[in-house]
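Down below is the structure, laid out as structure tokens.
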2 protein chains.
Amino acid sequence: MSVAAVGEFGLIERVTARLPVGPATLLGPGDDGAVIAAPDARVVASTDVLVEGRHFRRDWGSARDIGHRAAAANLADIAAMGAAPTALLVALCMPPELELSWAEELADGLAAEADAIGASVVGGDMSASPTLTIAVTALGDLGGRAPVRRGGARPGDVVALAGRTGHAAAGLTVLSRGFRTPRLLVEAYRRPEVPYAAGPQAAGLGATSMIDVSDGLLADLGHVAKASGVAVDVRRDAFEVPPQMRDAAQALGADPYDWLLGGGEDHALAATFPPDVELPAQWRQIGVVTAGSGVTVDGAEYAGSPGWDHFR
Amino acid sequence: MSVAAVGEFGLIERVTARLPVGPATLLGPGDDGAVIAAPDARVVASTDVLVEGRHFRRDWGSARDIGHRAAAANLADIAAMGAAPTALLVALCMPPELELSWAEELADGLAAEADAIGASVVGGDMSASPTLTIAVTALGDLGGRAPVRRGGARPGDVVALAGRTGHAAAGLTVLSRGFRTPRLLVEAYRRPEVPYAAGPQAAGLGATSMIDVSDGLLADLGHVAKASGVAVDVRRDAFEVPPQMRDAAQALGADPYDWLLGGGEDHALAATFPPDVELPAQWRQIGVVTAGSGVTVDGAEYAGSPGWDHFR
């Protein structure tokens, strides 16, 4: 059965019925607007859009996977501000002939990724469109913390990372060459493992800057360096190449460090901390902040792929 | 120059530079997330998506018009909950060959519509896509009022309307037949005049239900009737047919009441009030709530077009 067969209202009803209700949801889907708790009296908000063929392919992951990934991209942005995600709103544009079950499973994935950290899907909109498109807005609460911006890094700070990099990029390369393994990499692409709690944790520890790694580590640290007016140097030996990644790189003629340093979409969090902060287990040092500008690896410009521009 | 020529980051920079900053914006575009004031400690949120060819056509209005209309559709939803809009987030998907100036003027329209009522564009995302798509999320603050839902209408309540109906639908019909006048109707379609302030006003007066008229008056009152478990009867003589609409209807062989009662997208607000509430000037009575179910016009089923389903 297609989404057109049940119509706009039928589809909204079916999808809404599947959504769990989170603790911050004061009024969920079904009215002109949702009402979400914002106990901090400020709300953090971020929007990301995924377009079929550009950000995802239906043959590279299940609808549920794509839902997880769409939610993760947005929830990670909220965490990167130091906030705890509370809610998602989803605008879904679909070809009318799309299978109803695909739309339902996408909603399940979105809802499950949010639900695991106490957030939920509170509203959205649906429309027919020739291009399958998922636009997600995430909201979050700062819990009294100051938002951690990109522009606060200072020379002498340490650069630290929570979560993985390069796994999703490697998985994407593997899939784009027609392979379905190694599982570690393909699964990392399909469902990023985002260290959500590390965001508010870093804010509480006095992180001077923070960013969600979505364009690629060096590119995103470049955003931090530019906004902060500093230079960042990353230590290559802070990154271990897992055996599956080493094997895949060898098989595909790729450099695993291009994935680790240049690949995006694992949604790791990168942050800078004053040098006297003792980093908790979720955070590991990967470099230092110095005076100057730009991003280097072991003191030199990195020759590999720097990141991703969605128009080029 | 095309949007592809400046790239994703260039485009974001150019558009962001044009956006005025509203009073509720604590942190605007440029970071992982925006931070918006939510003094009520609850936030109202709503998402609407507009797809080219389905919700708008580039030859039927300027980019600025389309920006106004996209913003209005969302801001009206916030007002219909009884809240004051504070912020917009915009996901914009564009063909890479789209003129840069078109994207910039779209942003100008979005920003101007929001700015006029003290809200502003605080963030968003952009991507290339074969289908021009605008997904907007609006946020708002309840200012201590209870949200006004669809489900609170009670038999004996009066049904009242703030703003116009049918003008946008008539304008759309006129445009779709290749005409550019009457100006009153075409402009109503291009830039809806939404009675934003009437939303919080109705909430303050004790409105028992409220809805943004976007599917069509009878269809939207149908949502209220269903959610409230009541019947709604609308008086046809509560609607005056403006001369330009009468003439256009005559020329096109249309019934102007199909527009007034069935047409959407003027983003009027419809609400129900206890019978003892004295309606302020912005609100006029158009019917009554009775026991039962469904929506009637002068006591009988309405034979015209009931509204709009975006998948049929």
Side-chain angles (χ1 to χ4, degrees), chain A residues 3-4 7-9 11 26-27 30-49 51 54-55 77-78 80-81 83 87 89-91 93 96 122-131 133 135 137-140 142 147 149-150 210-212 227 309-312, chain B residues 3-4 7-9 11 26-27 30-49 51 54-55 77-78 80-81 83 87 89-91 93 96 122-131 133 135 137-140 142 147 149-150 210-212 227 309-312:
Chain A
V3 293
E8 184 182 5
F9 297 121
L11 184 58
L26 305 176
L27 177 61
D31 219 301
D32 286 325
V35 184
I36 304 107
D40 178 87
R42 296 170 296 177
V43 62
V44 178
S46 179
T47 293
D48 263 309
V49 62
V51 178
R54 190 158 276 271
H55 302 91
D77 280 325
I78 301 300
M81 298 303 291
L89 295 103
V90 183
C93 304
V122 297
D125 192 18
M126 299 193 189
S127 175
S129 167
T131 308
T133 305
T137 299
L139 305 179
L142 284 161
R149 303 183 54 177
R150 296 176 177 186
M210 185 154 46
I211 193 165
D212 156 48
D309 183 318
H310 283 118
F311 279 101
R312 302 198 193 251
Chain B
V3 294
E8 183 181 6
F9 296 121
L11 185 57
L26 304 175
L27 178 61
D31 220 299
D32 286 326
V35 184
I36 304 107
D40 177 89
R42 297 170 294 177
V43 62
V44 178
S46 179
T47 292
D48 262 309
V49 62
V51 177
R54 188 159 278 269
H55 301 90
D77 280 326
I78 301 300
M81 297 304 291
L89 295 103
V90 183
C93 304
V122 298
D125 192 17
M126 299 194 192
S127 175
S129 168
T131 308
T133 305
T137 299
L139 305 179
L142 283 162
R149 303 184 54 178
R150 297 177 176 186
M210 187 153 46
I211 193 165
D212 156 48
D309 183 317
H310 282 117
F311 277 102
R312 301 197 193 251

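Keep in mind it's a predicted model, so treat the numbers as computed, not measured. Each chain gets a letter, A, B and so on, in the order its sequence line appears, and its residues count up from 1.
Smallest separation of non-hydrogen atoms from B:Met210 and A:Asp32: O-OD2, 3.8 Å.
A 6.0 Å sphere centred on CZ of B:Arg149 holds no more than 12 heavy atoms belonging to other residues, nucleotides or ligands.
Put simply, CG on A:Asp31 and CG on B:Asp77 are 9.5 Å apart, with the number rounded to the nearest 0.5 Å. In this structure, CG in B:Asp48 is found 4.5 Å from CG in A:Asp125, a value given to the nearest 0.5 Å. Atom OG in B:Ser127 sits 4.0 Å away from atom NE2 in A:His55 (nearest 0.5 Å). Distance CG/B:Leu139 to CD1/A:Ile36: 7.5 Å, rounded to 0.5 Å.
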Show your working on side-chain contact (heavy atoms from CB on, under 4.5 Å) between B:Cys93 and A:Thr131 and close with a plain yes or no.
CA-CA 10 Å; B:Cys93 304; A:Thr131 308; over 6 Å; no
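When each of B:Ser46, B:Ala135, B:Ala45 is checked for heavy-atom pairs under 4.5 Å with chain A, B:Ala45 comes out on top. For the set B:Val44, B:Val35, B:Ile78, B:Val43, the count of heavy-atom pairs under 4.5 angstrom toward chain A peaks at B:Val43. Chain B forms the most heavy-atom pairs under 4.5 Å with one residue out of A:Pro39, A:Ala34, A:Gly124, A:Ala227, and that residue is A:Ala34.
Looking at A:Val51, the atoms closer than 4.5 Å to chain B (heavy atoms on both sides) all sit in the side chain, from C-beta outward.
Under a 3.5 Å cut-off, the side chain of A:Thr47 and the backbone N or O of B:Ala91 do not form any donor-acceptor pair.
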